[in-house]
Every structure is written in C-alpha cells, then in structure tokens.
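Read through the structure below, which is laid out as structure tokens, and then see the notes.
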Amino acid sequence: QVQLVESGGGLVQAGASLRLSCAASAGRTFRNQAMGWFRQAPGKEREFVAAISGGGGITSHADSVKGRFTISRDNAKNMAYLQMSNLKSEDTAVYYCAARRTMAWAKSPHEYDYWGQGTQVTVSS
C-alpha cells in the first residue's frame with residue numbers, strides 16, 4: 001500500500017553535510033504514520049538512527065548521531081527528511097526510511113510496516 005522512496009545519498013568527505021529525503025505515497029494518512037530512519041553498514045545489523053511522530057512534535061535520535069543528524073517531516077508534502085551534518089566515516093551505510101501505522105515513534109525496525117529501498121551514503125576520510 002505505502003511506497004517509500006529515499007533520495008539524497010552520495011559520496012562525501014568527512015565533515016560534509018547531506019540531506020536525505022523520503023517521499024511517501026500515503027497521502028492523507030501520512031500524518032498518522034510515524035517515520036523512522038535506519039542504516040545498515042556492510043556486515044552489521046540494521047541500526048536505528050532517528051524517528052519522528054506522526055505530527056512531528058516528538059523526535060528521537062540515536063546517541064551516535066545526536067547533535068549531528070536531525071529528522072523532520074512535512075506532512076503537507078508527504079515527505080520525511082534526515083539532515084546529516086559533520087559526517088564521519090563510520091556513518092557510511094545504506095540509509096532506509098520506514099513508516100509505521102501509528103503516530104508514535106519507535107526505535108525497533110520490527111515496529112515499522114513499510115520500508116524504502118535505501119540510499120547509499122559513503123563518507124571518505
């Protein structure tokens with residue numbers, strides 16, 4: 001039912017910034033869906049990055065990215081974003097956006113119902 005498409009990844013140098021975007025097809029139901037960003041590096045499990053409630057008023061960020069990454073959303077446009085600053089080599093991963101059927105955010109990937117295909121972020125030192 002819900003399609004998610006990530007964009008904005010790329011190859012950057014350490015210290016650079018990127019903004020990832022996630023376009024959702026949820027339409028009028030988008031505001032009822034919490035959104036999350038996850039990442040997966042080669043050989044590692046999928047890792048929570050950030051999440052935001054359906055209305056956008058509550059956010060959560062992993063300790064590893066606090067102060068550097070910011071999740072946001074624009075419900076009028078059915079979009080979610082991940083603004084990444086001061087990127088480090090350890091941020092290199094495929095980044096996925098995800099949506100769940102409730103407004104409350106969650107940290108576990110198992111709590112999300114829909115997933116995008118991911119966008120590659122590579123940070124070189």
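Position 1 is the first residue of the sequence; numbering continues from there.
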Going through the checks in order, is the side-chain contact (heavy atoms from CB on, under 4.5 Å) test met by Gln83 and Ser72? CA-CA 8 Å; Gln83 178 66 51; Ser72 62; over 6 Å; no

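- The line from CD of Glu45 to CD of Gln40 is 8.5 Å long, rounded to the nearest 0.5 Å.
- Taking 4.5 Å as the limit, some side-chain heavy atom of Cys22 sits within range of a side-chain heavy atom of Trp37.
- Listed by chain and number, the hydrophobic cluster partners of Trp105 are Ile58, where partners are ILVMFWY side chains within reach of under 4.5 Å, directly or through others.
- Of the possible donor and acceptor atoms, none in the side chain of Tyr114 sits under 3.5 Å from a partner among the backbone N and O of Cys97.
- Here ring pair (Phe, Tyr, Trp, His ring centres under 6.0 Å) pairs that include residues 46-102, with residues two or more places apart or in two chains, are Phe38-Phe48.
- A donor-acceptor contact shorter than 3.5 Å is absent between the side chain of Arg31 and the backbone of Asp74.
- When all heavy atoms are compared, the tightest approach of Met79 to Ser21 is CE-CB, 3.7 Å.
- Formation of a donor-acceptor pair under 3.5 Å by the Thr92 side chain with backbone atoms of Val123 is found in this model.
- Evaluation of the salt bridge (charged side-chain N to carboxylate O under 4.0 Å, His left out) rule for Arg100 yields Glu111 as partners, not counting sequence neighbours.
- Considering only residues two or more places apart in sequence or on other chains, Thr59 meets the side-chain hydrogen bond (donor to acceptor under 3.5 Å, both in side chains) condition with none of them.
- The shortest side-chain heavy-atom distance between Val2 and Gln33 falls under the 4.5 Å cut-off.
- Sorted by first then second residue, the salt bridge (charged side-chain N to carboxylate O under 4.0 Å, His left out) pairs that include residues 115-125, not counting sequence neighbours, number zero.
- By the side-chain contact (heavy atoms from CB on, under 4.5 Å) test, Glu90 is found to be paired with Lys88, residues two or more places apart in sequence or in another chain being considered.
- Glu6 places no side-chain N or O within 3.5 Å of a backbone atom of Thr119 that could act as its donor or acceptor partner.
- In this structure, the salt bridge (charged side-chain N to carboxylate O under 4.0 Å, His left out) partners of Lys66, at least two apart in sequence or on a different chain, are Asp63.
- Here OG of Ser125 is found 11.0 Å from CG of Leu87. Values are rounded to the nearest 0.5 Å.
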Enumerate donor-acceptor pairs with a distance under 3.5 Å from any side-chain N or O in residues 10-18 to protein atoms, sequence neighbours excluded.
none

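- In this view, Asp113 and Arg101 satisfy the side-chain hydrogen bond (donor to acceptor under 3.5 Å, both in side chains) rule, not counting sequence neighbours.
- Under a hydrophobic clustering in which Ile, Leu, Val, Met, Phe, Trp and Tyr are joined whenever their side-chain heavy atoms come within less than 4.5 Å, directly or via other members, Trp115 and Val94 fall into the same cluster.
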Met35/Tyr112 under side-chain contact (heavy atoms from CB on, under 4.5 Å): CA gap, chis, key distance, verdict: CA-CA 8 Å; Met35 299 292 295; Tyr112 289 81; 5.8 Å; no

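- Annotation for Ala104 and Ala34: closest pair O-CB, 3.3 Å, computed over non-hydrogen atoms.
- Shown here are the salt bridge (charged side-chain N to carboxylate O under 4.0 Å, His left out) partners of Arg19, two or more places apart in sequence or in another chain: there are none.
- The nearest pair of heavy atoms linking Ala24 to Leu4 is CB-CD2, 3.5 Å.
- A search for side-chain hydrogen bond (donor to acceptor under 3.5 Å, both in side chains) contacts involving Gln120 returns Thr122, not counting sequence neighbours.
- Arg39 meets the salt bridge (charged side-chain N to carboxylate O under 4.0 Å, His left out) test with Glu47, Asp91; sequence neighbours excluded.
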